[in-house]
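The structure displayed is predicted, hence computed values, not measured ones. Below, chains carry the letters A, B, ... as their sequence lines are ordered, and counting in each starts from 1.
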Amino acid sequence: MSPSAAATRPLDPPKDLPDSTAGIYHYDQVDRQFLRERVEQFRRQVDRRLSGELTEDEFKPLRLMNGLYLQLHAYMLRIAVPYGVLTSRQLSQLAHIARVYDKGFGHFTTRQNLQLNWIKLVDVPAILDLLAAVDLHAIQTSGNCIRNVTSDQFAGVADDEVVDPRHYAEVLRQWSTLHPEFTFLPRKFKIAITGSATDRAAVCIHDVGLLVKRDADGRVGFEVYVGGGLGRTPFIGKKLRDFLPEDELIAYLEAVLRVYNAYGRRDNIYKARIKILVHELGIDTFRQEVEAEYARMSPETYRLDAAIIDGIRARFASQPYEALPPVSGALGRARLEDHTFNRWVRTNVAAHRQPGYAIATITLKPAGGIPGDASADQMDAIATLADRYSFGELRVTHEQNLVLAHVRQDDLHALWKELSKIGFGEANSGLITDIIACPGLDYCALANARSIPLAQRISERFADLDRQHDIGELKIKISGCINACGHHHVGHIGILGVDKKGVEAYQLTLGGTAATEGAIGDILGPAMSADEALDAIEGVVGVYLERRQDGERFLDTLTRIGHTPFKDKVYAAH
Amino acid sequence: MARVTDAPKVVTANRLQDGAVVWLDRAGVWSTNVAEAEVHAEATGTEAALAVARASAARQEVVEPYAIDVVVTEGAAPQPVKVREQIRAAGPSIDAIPVGFAA
């Protein structure tokens, strides 16, 4: 469906559902009909595969376009959460699916999606029916197409936001869904978009990163980055345009994708991503190619009309906020009286643009837990809390956490107590136990080493909240192979699992960051065992604590003193 | 391409309908228990087993069968050599259900 079609359709925002005030794009009957047809199409494809009419080679690209992988132990279904926004009703449905068709849990990913690890092929059409019933699907969560667009989990509510990126993310979703020209790209293509100067969406490590902003006259436009990415050859994205006017967004991205489609390497999977093309051509030559393609295109055909944006914006519910004082007395008192809660507010609560409200991050990282995992019961409980405290809306973060984006400050203490009951009241957002970890060799067919057990051991080792809060901001990211789904390249401490002559080993990097401008971490030294890696992290933290100066975060100290003291500490015994 | 070794081998695949890990037994039947896998000491036996497995794949029973190296110890199930295959045989090394919550 084209954005223009969306703009001309009558609006029918739901009135009676508990999630009618959730700030998501609300589907209409055209959207729903499309999903139903898509499910029926895949149902027939599954039937043909089971009957032998389709071989595995023929079926594989079809199932991948519906987010279905065959992993080590079962099929894995990756469900799209467009720009990370969910309604409570959708989360409850995901919980139901996890309970009935999986082993009772789900895994939130760095692409703001949800993965179910124990799916049967024969059940997938029924699961897709259940997803479609709540306007969800698994389309374009795999395959060499434009993947689910990701965004800032604080979109629309952050106090530092310039422009709400969700509306443009929705434009991109509609534009890229089943786009015939970009369905068989050289490789997958990931777009992230943010509207704040503070990059919470890891825009710098995406194939295309967009920063929505305003010029001096208040007009909306996009700072466009291209060629970022992790994997075997990591790159930070390079700036392609400083200010792309709003109405040129689709045309310009079409030009970028066309250049990639034409020149991207199809002969070598390791060199097929756009980052390699941009690197090999150089950003200036790549830009010339894009601009030349752009000049050949019809501006009117591709112009993103303001009416389209308005039409899409109108399909997002707005929240009926109460008029509240900017600072809650009840919150202030609770913080004074409850030290553990006060810590949670310090790490897990962010400022909201609406007076009297706050943004609450639910870290899915209990001590010793599996990063990003939630049981069906936990998901149901969180959906209930979203209804009670956040207009029935949730956000998924690329750091594998959830967010309630519209919580009255008065309600934060009650919310935190409820979260604590279900094991998710940990005051650790952004701290050393708020670890990103891919599924690793416990589930993933591509992995070389396990990620989750090491993440759990680190979480247990540093579980003491006094210590965590003393260490302060420190982001550990773990990948079980060089594909870097765990974003290890941009971890303050990155950990890469490798296969060292048949034995799992772990290589540490230091100094990466996915925050604004981004940086790729440097390899500290040779790979080591899991036990040694655990001690190495202890050593790295120890050097930081010994050498830090007042107010310095881990990255600040690392920048000031360099890698050598850390390396000396870690490899002293070798 | 995987290095060819002269270690004992078993033939494995994933079942088409549910993706479950299966092992080819002496009767040419797929088992979900590695202990029931037929172990081949010689390449001819492995090739014969792979032929049976490929025929099974052609009947839409399994996906992408292949042979793996195992260590054989008397009285014990064949132990896959590679960590990846050990995890396929035994399941994830972690508890599936997240900690910290009792319904």
Side-chain angles (χ1 to χ4, degrees), chain A residues 49-56 59-60 69-76 102-107 117-123 364 366-370 372-378 380-381 420-426 439-443 445 447-450 452-453 456 499 502-504, chain B residues 1-7 9-10 12-23 30-34 50 53-66 68-71 79-103:
Chain A
R49 174 71 189 105
L50 294 172
S51 73
E53 200 178 328
L54 291 175
T55 66
E56 184 61 19
F59 181 64
K60 188 174 179 180
Y69 290 73
L70 181 53
Q71 297 285 38
L72 292 186
H73 314 287
Y75 291 89
M76 179 274 280
D102 203 274
K103 292 196 173 183
F105 71 102
H107 177 75
N117 289 315
W118 296 94
I119 295 299
K120 297 178 173 66
L121 175 61
V122 291
D123 290 336
L364 305 183
I370 297 173
D373 274 18
S375 71
D377 292 337
Q378 286 170 319
D380 274 336
S420 298
K421 288 180 191 169
I422 61 169
F424 286 151
E426 200 81 349
L441 193 52
D442 280 299
Y443 293 103
N448 290 320
R450 286 172 291 171
I452 293 171
Q456 290 177 296
D499 179 341
V503 177
E504 293 170 293
Chain B
M1 191 172 169
R3 192 167 59 90
V4 176
T5 72
D6 62 357
K9 290 183 172 50
V10 299
T12 182
N14 288 79
R15 206 158 52 195
L16 173 64
Q17 294 217 355
D18 60 4
V21 178
V22 287
W23 314 87
W30 293 106
S31 168
T32 54
N33 185 354
V34 68
L50 281 170
R54 290 184 192 116
S56 173
R59 293 193 301 273
Q60 292 76 53
E61 294 167 348
V62 297
V63 178
E64 296 176 358
Y66 58 99
I68 63 161
D69 291 353
V70 292
V71 173
Q79 171 77 357
V81 171
K82 291 189 172 178
V83 179
R84 177 185 197 274
E85 297 302 331
Q86 290 167 11
I87 290 172
R88 283 184 77 245
S93 65
I94 50 180
D95 290 334
I97 298 296
V99 298
F101 181 55

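Between the CG atom of Asp442(A) and the CG atom of Asp95(B) there is a distance of 10.5 Å, given to the nearest 0.5 Å. Separating the CG atom in Leu441(A) from the CD atom in Gln86(B) is a distance of 9.5 Å, to the nearest 0.5 Å. The OH atom of Tyr443(A) lies 4.5 Å from the CD1 atom of Ile94(B); values are rounded to the nearest 0.5 Å.
Proximity to chain A (any heavy atom under 4.5 Å) is restricted, for Arg15(B), to the backbone atoms N, CA, C and O. In this structure, the portions of Leu72(A) lying under 4.5 Å from any heavy atom of chain B include both its backbone and its side chain. With a threshold of 4.5 angstrom between heavy atoms, Ile119(A) approaches chain B through N, CA, C or O but not through any side-chain atom. Proximity to chain B is absent for every atom of Ala376(A), based on heavy atoms less than 4.5 angstrom apart. Looking at Thr55(A), neither its backbone nor its side chain comes within 4.5 Å of chain B, counting heavy atoms on both sides.
Listed by chain and residue number, nothing satisfies the side-chain hydrogen bond (donor to acceptor under 3.5 Å, both in side chains) test with Asp102(A) (two or more places apart in sequence, or in another chain). With sequence neighbours left out, Asp499(A) forms a salt bridge (charged side-chain N to carboxylate O under 4.0 Å, His left out) with no residue at all.
Residues His73(A) and Arg88(B) come closest through the heavy atom pair CE1-CA, 3.8 Å.
Tyr75(A) contributes no side-chain N or O that, together with a main-chain N or O of Gln17(B), makes up a donor-acceptor pair within less than 3.5 Å.
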**OP:** Determine, stepwise, if the pair Ile87(B) / Arg450(A) fulfils side-chain contact (heavy atoms from CB on, under 4.5 Å).
**Re:** CA-CA 10 Å; Ile87(B) 290 172; Arg450(A) 286 172 291 171; 3.6 Å; yes
Subject >> Residues Gln71(A), Asn14(B); criterion side-chain contact (heavy atoms from CB on, under 4.5 Å); working and verdict >> reply: CA-CA 9 Å; Gln71(A) 297 285 38; Asn14(B) 288 79; over 6 Å; no
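Inter-residue side-chain proximity for Val63(B) and Arg49(A) is flagged as met; some heavy-atom pair is nearer than 4.5 Å.
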